[in-house]
> 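Next up is a structure, given as C-alpha cells.
Nothing here was measured: the structure is a model prediction, and the numbers come from that model.
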Amino acid sequence: MGDNINLNNLPPGFRFYPSDEELVVHFLHRKAALLPCHPDVIPDLHLYPYDPWDLDGKAMGEGKKWYFYSRRTQSRITGSGYWQSIGVEEPIYSSDGQIKVGLKKYSDFYIGEPWEGVKTNWIMHEYRVLSPNSTSKSSSSQRRNSKIDYSKWVICRVYERDEDDDDGAELSCLDEVYLSLDDLDEISLPN
C-alpha cells in the first residue's frame, strides 16, 4: 500500500466498496477541502508514471479494484501506453437524486504509442467534485479567491475487466424465460 495508509488501525473484516456518491462526497470533497478523512485509506498517487498492472501495492486495493487520489493532468501517458477517455462525463447525484455532486469519466488503457495503441481490458473511472460555484458566471474569479480548488483532485478507480465479460451481454434467467415465450408462437400444441 501507499506510504500514508495505516491498515493496522482498521477494524477486522474491513471492506472497501464505496458507491460513486461516497467516493465523491465522503472522500474527494474532504480531500479537496483539506479536511481529515477517517479511515484514511486512499493514498495520493501520481497515476501517469504507472501502468495499471503496477498499481498493486501502491494504491488502495480491494478485490481487483485499486483506488487512489491523483492530481488532474492533461498527460495520460504511462511507461507502456496511455489512457484514452471514452464518451462524455456522467453526472453523480446525491442519494436523494436532487443534487449533482460530481462527475465520472471513463477511460480505457491502450498499450503502445499514443493514439495508435492496442486496447486492453483495463478500465479507469475518474471522479471529480463539482465546484460549489460551478453554475455561477463568476466562478473563475471566485475560484481564484477561494482556498479550496476543487478542480485539482480526482479519485481514480482502476480495474481489469475479465476476459469472459461480454459488456453485459449475458442474459438473466428472467430474460431467457421471456425470450422462450416468444418461441411458443412457433410451437403448435396438440388439440
Side-chain angles (χ1 to χ4, degrees), residues 1-50 52-76 78 83 85-109 122-136 139-140 142-161 168:
M1 295 289 164
D3 294 336
N4 64 341
I5 299 177
N6 186 358
L7 295 178
N8 297 328
N9 292 334
L10 295 176
F14 176 81
R15 298 289 182 264
F16 191 71
Y17 291 109
S19 67
D20 290 351
E21 178 193 11
E22 290 167 339
L23 282 172
V24 171
V25 173
H26 182 72
F27 291 98
L28 188 54
H29 189 274
R30 295 183 69 79
K31 176 76 169 178
L34 304 174
L35 296 171
C37 187
H38 301 289
D40 185 15
V41 293
I42 301 177
D44 295 350
L45 184 66
H46 187 62
L47 168 66
Y48 301 108
Y50 299 106
W53 49 85
D54 293 333
L55 293 173
D56 193 20
K58 294 175 181 65
M60 168 61 182
E62 182 66 46
K64 295 183 178 186
K65 295 179 181 178
W66 289 270
Y67 299 85
F68 54 91
Y69 295 110
S70 187
R71 296 280 187 159
R72 287 188 76 190
T73 179
Q74 294 299 323
S75 173
R76 297 181 172 276
T78 70
W83 290 98
S85 179
I86 52 175
V88 296
E89 292 181 316
E90 177 182 305
I92 299 170
Y93 291 95
S94 59
S95 53
D96 63 6
Q98 300 296 315
I99 302 168
K100 187 166 32 169
V101 295
L103 293 171
K104 177 180 177 181
K105 182 177 11 177
Y106 299 86
S107 297
D108 284 331
F109 187 75
W122 288 96
I123 309 256
M124 177 172 59
H125 300 164
E126 185 179 279
Y127 299 88
R128 69 180 178 96
V129 174
L130 292 176
S131 170
N133 304 317
S134 64
T135 57
S136 72
S139 65
S140 60
Q142 289 175 353
R143 191 178 300 137
R144 273 187 259 123
N145 295 332
S146 172
K147 288 192 278 186
I148 303 171
D149 188 354
Y150 292 95
S151 66
K152 289 185 179 179
W153 288 102
V154 293
I155 285 185
C156 299
R157 174 192 289 150
V158 175
Y159 63 96
E160 186 175 18
R161 182 177 43 226

> May I ask you to test the Trp83-Val158 pair for a side-chain heavy-atom distance under 4.5 Å?
yes
> Considering non-hydrogen atoms only, spot the tightest contact between Val129 and His29 and give its length.
CG2-N, 3.8 Å
> Taking it one step at a time, do Ile92 and Tyr127 satisfy side-chain contact (heavy atoms from CB on, under 4.5 Å)?
CA-CA 9 Å; Ile92 299 170; Tyr127 299 88; 3.3 Å; yes
> Return each pair, listed once, that meets salt bridge (charged side-chain N to carboxylate O under 4.0 Å, His left out) where at least one residue sits in residues 88-103; pairs must be two or more places apart or across chains.
Glu89-Arg128
> Enter the distance from Met60:CE to Leu45:CG here, rounded to the nearest 0.5 Å.
14.0 Å
> Mind checking side-chain hydrogen bond (donor to acceptor under 3.5 Å, both in side chains) for Thr78 and listing every partner two or more places apart, or none if nothing turns up?
Asp51
> Would you call His26 and Pro18 a side-chain contact if the rule is heavy atoms closer than 4.5 Å?
no
> Applying ring-ring contact (aromatic ring centres under 6.0 Å, His included), can you list everything that pairs with Tyr50, at least two apart in sequence or on another chain?
none
> Taking all atoms of both residues into account, what is the closest heavy-atom pair of Ser85 and Ser107, and its distance?
CA-OG, 3.6 Å
> Please report the closest heavy-atom contact between Asp108 and Ile86, naming both atoms and the distance.
OD2-CG2, 3.5 Å
> Show the nearest heavy-atom pair for residues Val24 and Gly102, with the distance to one decimal.
CG1-CA, 4.1 Å
> Start with the C-alpha gap between His125 and Tyr159, add the side-chain angles, then the distance that decides, and say whether side-chain contact (heavy atoms from CB on, under 4.5 Å) holds.
CA-CA 9 Å; His125 300 164; Tyr159 63 96; 3.4 Å; yes
> When you compare the side chain of Ile42 with that of Ile155, does any pair of heavy atoms fall below 4.5 Å?
yes
> Which pairs of donor and acceptor atoms, one on a side chain in residues 61-69, lie under 3.5 Å apart (sequence neighbours left out)?
from: Glu62; atom 1: OE1; to: Phe16; atom 2: N; distance (Å): 3.3
from: Tyr67; atom 1: OH; to: Arg157; atom 2: NE; distance (Å): 3.2
from: Tyr69; atom 1: OH; to: Phe27; atom 2: O; distance (Å): 3.3

> Would you compute the distance between atom CD of Glu22 and atom CG of Leu28 and round it to the nearest 0.5 angstrom?
13.5 Å
> Please enumerate all residues that pass side-chain contact (heavy atoms from CB on, under 4.5 Å) together with Val25, with sequence neighbours excluded.
Glu21, Val101
> How far apart are the closest heavy atoms of Cys156 and Ser70, and which atoms are they?
SG-CB, 4.4 Å
> For Arg71, enumerate each residue passing the side-chain contact (heavy atoms from CB on, under 4.5 Å) test, keeping only those at least two apart in sequence or located in another chain.
Lys152, Trp153
> Can you measure from CG (Leu103) to CG (Asp20) and round to the nearest 0.5 angstrom?
11.5 Å
> If you round to the nearest 0.5 Å, how far is CD of Glu160 from CZ of Phe109?
11.0 Å
